[in-house]
Amino acid sequence: MIASIVACMTFGVVFTPQDIDGIRVSAPNPLTGNVRKLFLQTDLDADGQTDLIVAGEAIFQRDGVYYPDQRVRLPEIPSPCWVDAWNGTLYFRTQDRLRVFRWASGVWQQLGDDLLSGAHESSSPCCGNEKQPVPYRYLYDLDGDGAPEAVFPGLDGLYVYALRNGRYAESALLAVYPSVRIDDTYGASLWPAAQRRLTPVDTWMGCQVAVEGLRVTSIERLSVGGGAVRFRTNRYTLDPAQGFAIDPEKTVSTESGLLPSYVEPLRLHSGDSLSFAGTRVDSLETSVPPSSVLTTSVSAYGGASVQTVRTPSFRVNGSFVDVNGDGRLDMITHTTGLYGGGVRETLVRFLSQTSVEHGISVHLQNAEATFPESPTFRKRLAIDLDKPPVYRSHHALAYYAGGLIDVTGDFNKDGWRDLVVRDRPNRLAIYLSAPQGFGESASAAIHIGPEEAFHIVDVNDDGLSDIVISWSGADERPHSRIYFARRDRP
């Protein structure tokens, strides 16, 4: 169904809603606010328009619209399987095979069916109870020749499959994982002899791995006690002349300084220097009623120093976003108006007040990879909680979890991230941004049901962010409505 157009009041931005079931996204990344698309985008029929791969189907775009009669089933592939797309071609990874299909002349044509000789022994699609192909990114053009390589995680490293003589074959096993560590040992009694037991030893290994062209980066988190951690980073360079094997002479290892235990690796700006950032919510149980403080910490250039901001707030999504489009992530802090004043004022607010004042502060990152102590600009909002906080309504709980505010979208493609606020249980308000900050008044408002959730993602890959509203119907199946952003008026 294609609904009527929702027009903005200013700036020439409109939203065109359309129901498209199958559009799914992950939960937002707590640091960046970004979501991972659980669907694929590719031009299947080479008409210059982005088509979608969702829930076992392909949806073709026609004149900027995804019509219901333009859906076709994907090829029949044994489940479970992963599916990825590259230049209009679909790749299906099953337990032990890689099957390649392309849409041509109105039918699916199979281009390849290759055996995965090594990866299937220690790596297989993990899709739970999914009966449809699950979108999963595993195609990378490592050497930039236009033909993608397939990279699969295994128990002992990353398996690389390369196209050779028209078929995919195992090319390299990248041993980029850190060594297994002893996690804990349990004390054992020597006396009396009847209580002697073999002591179990737990081992573990964990890391984050990023593939970027011919470079693979592995980041290991090391606990050092006292609420502090270090991060060990290994950067490996692949040699395409040796079948993408690691060139040991070009491996670079670094280790960060001591950092708070709640931070994670994050690329704050362009370049090889790794940064670290994180947030932590501390409950102040001694206050009446109990309140919370949000600590936002960031450390650039390998963790040499830490910059910290504390505000009265709850958990938020999107503390580091490139607000002004300059390639650097900026810091966003939040302040709730639920706290403040004396005990009497706070108790009255929790027992009777149905709205809360919320503040958003944006600290733009400078060329030295630091953030100004005073915000570059601020925005104050009034959020209707539906009921006083003491009742812990569905809308209030979403507010405490950081689910009412999003600063990741760019709806007019001007490079500035715009603000979406669920300021009422049934309304999304959109504030466009500019160098002066977020707009004084909302530029658009979109209806949303009380049991519905929203996320920001560019669904049709046109460079304009869209709003995805999702819900579960009476049939318990997930449904979604997409509000496509358009820059010109209808």
Side-chain angles (χ1 to χ4, degrees), residues 28-37 208 210-213 215 217 219 231 233 235 252 254 256-257 259-260 262-280 294-311 313 315-335 359-379 402 405-420 431-439 455-458 463-465:
N29 181 299
L31 277 184
T32 65
N34 294 327
V35 296
R36 183 168 59 88
K37 300 172 185 176
Q208 299 182 41
V211 179
E212 300 170 294
R215 189 172 72 179
T217 303
I219 305 173
F231 289 89
T233 303
R235 289 188 172 92
V252 178
T254 58
S256 74
L259 293 164
Y262 53 86
V263 304
E264 297 292 340
L266 184 68
R267 182 166 289 172
L268 285 175
H269 47 77
S270 60
D272 291 339
S273 179
L274 194 63
S275 304
F276 304 91
T279 60
R280 182 186 67 193
L294 177 68
T295 300
T296 305
S297 298
V298 58
S299 177
Y301 298 116
S305 60
V306 179
Q307 185 175 354
T308 297
V309 176
R310 292 182 175 87
T311 57
S313 186
R315 178 73 62 191
V316 296
N317 291 317
S319 296
F320 293 91
V321 177
D322 184 5
V323 175
N324 59 350
D326 65 351
R328 306 185 185 104
L329 297 186
D330 307 302
M331 180 166 60
I332 302 175
T333 60
H334 295 253
T335 303
I360 302 174
S361 299
V362 176
H363 305 250
L364 295 181
Q365 185 184 166
N366 56 35
E368 289 73 39
T370 60
F371 304 87
E373 292 186 7
S374 298
T376 308
F377 55 83
R378 295 184 175 93
K379 176 67 178 177
I405 298 173
D406 192 293
V407 196
T408 63
D410 182 2
F411 300 109
N412 55 359
K413 208 175 180 178
D414 64 350
W416 286 82
R417 297 295 171 177
D418 305 314
L419 170 64
V420 179
Y431 296 81
L432 299 182
S433 65
Q436 298 77 24
F438 299 113
H455 296 96
I456 309 300
V457 65
D458 182 2
L464 298 172
S465 299

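Remember, it's a predicted structure, so these values are computed and weren't measured experimentally. One-based numbering along the sequence shown.
A donor-acceptor contact under 3.5 angstrom links the side chains of T279 and R315, judged on distance only.
The distance from the CG atom of D326 to the NE2 atom of H269 is 11.5 Å, given to the nearest 0.5 Å. The distance from the CZ atom of R310 to the OG1 atom of T295 is 4.5 Å, given to the nearest 0.5 Å. Taking CG of L432 as the start and CH2 of W416 as the end, the distance is 13.0 Å to the nearest 0.5 Å. Interatomic distance, L329 CG to S319 OG, rounded to the nearest 0.5 Å: 11.0 Å. Here the CG-OG1 distance, from N34 to T408, works out to 6.0 Å after rounding to the nearest 0.5 Å. Annotation: the span from D322 atom CG to T32 atom OG1 amounts to 11.5 Å, rounded to 0.5 Å.
Between S297 and R280 there is no side-chain heavy-atom pair separated by less than 4.5 Å. Using a 4.5 Å heavy-atom cutoff, the side chains of V316 and I405 are not in contact.
Although no hydrogens or angles enter the test, the distance criterion places no donor-acceptor pair under 3.5 Å between the side chain of T335 and the main chain of T311. Judged purely by atom type and a 3.5 angstrom limit, S256 uses its side chain to pair as donor or acceptor with the backbone of F231. Between the side chain of S465 and the main chain of D410, a donor-acceptor pair closer than 3.5 Å is present. With T296 contributing its side chain and T333 its backbone, the two residues share no donor-acceptor pair below 3.5 Å. In this structure, the side chain of N317 does not engage the main chain of G33 through any donor-acceptor pair within 3.5 Å.
Closest heavy-atom contact between M331 and V298: SD-CG1, 4.4 Å. Across all non-hydrogen atoms, the minimal contact from P260 to V306 is CD-CG2, 4.2 Å. When all heavy atoms of L31 and G278 are compared, the pair lying nearest together is CD2-CA, 3.6 Å. What you find for R417 and S433 is that their closest heavy atoms are O-OG, 2.6 Å. Heavy-atom minimum distance, Q365 versus F371: CB-CE2, 3.5 Å. Between P265 and Q208, the shortest heavy-atom distance links the atoms CD-NE2, 3.6 Å.
With a 6.0 Å radius and a threshold of 12 heavy atoms from other residues, nucleotides or ligands, E212 has its CD atom above the threshold.
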* Start with the C-alpha distance between S299 and V263, add both sets of side-chain angles, then the distance that settles side chain to side chain contact (heavy atoms under 4.5 Å, CB included), and finish with yes or no. => CA-CA 9 Å; S299 177; V263 304; over 6 Å; no
* Asked: Where do V407 and F438 land on the side chain to side chain contact (heavy atoms under 4.5 Å, CB included) test, with the steps shown first?
  -> CA-CA 10 Å; V407 196; F438 299 113; 3.6 Å; yes
* Test log, rule side chain to side chain contact (heavy atoms under 4.5 Å, CB included), inputs F276 and E264 -> CA-CA 5 Å; F276 304 91; E264 297 292 340; over 6 Å; no
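Taking Q436 as the reference, A434 meet the side-chain contact (heavy atoms from CB on, under 4.5 Å) condition, with sequence neighbours excluded.
Tested against L274, the residues L266, T233, T217 include a single side-chain contact (heavy atoms from CB on, under 4.5 Å) partner, T233.
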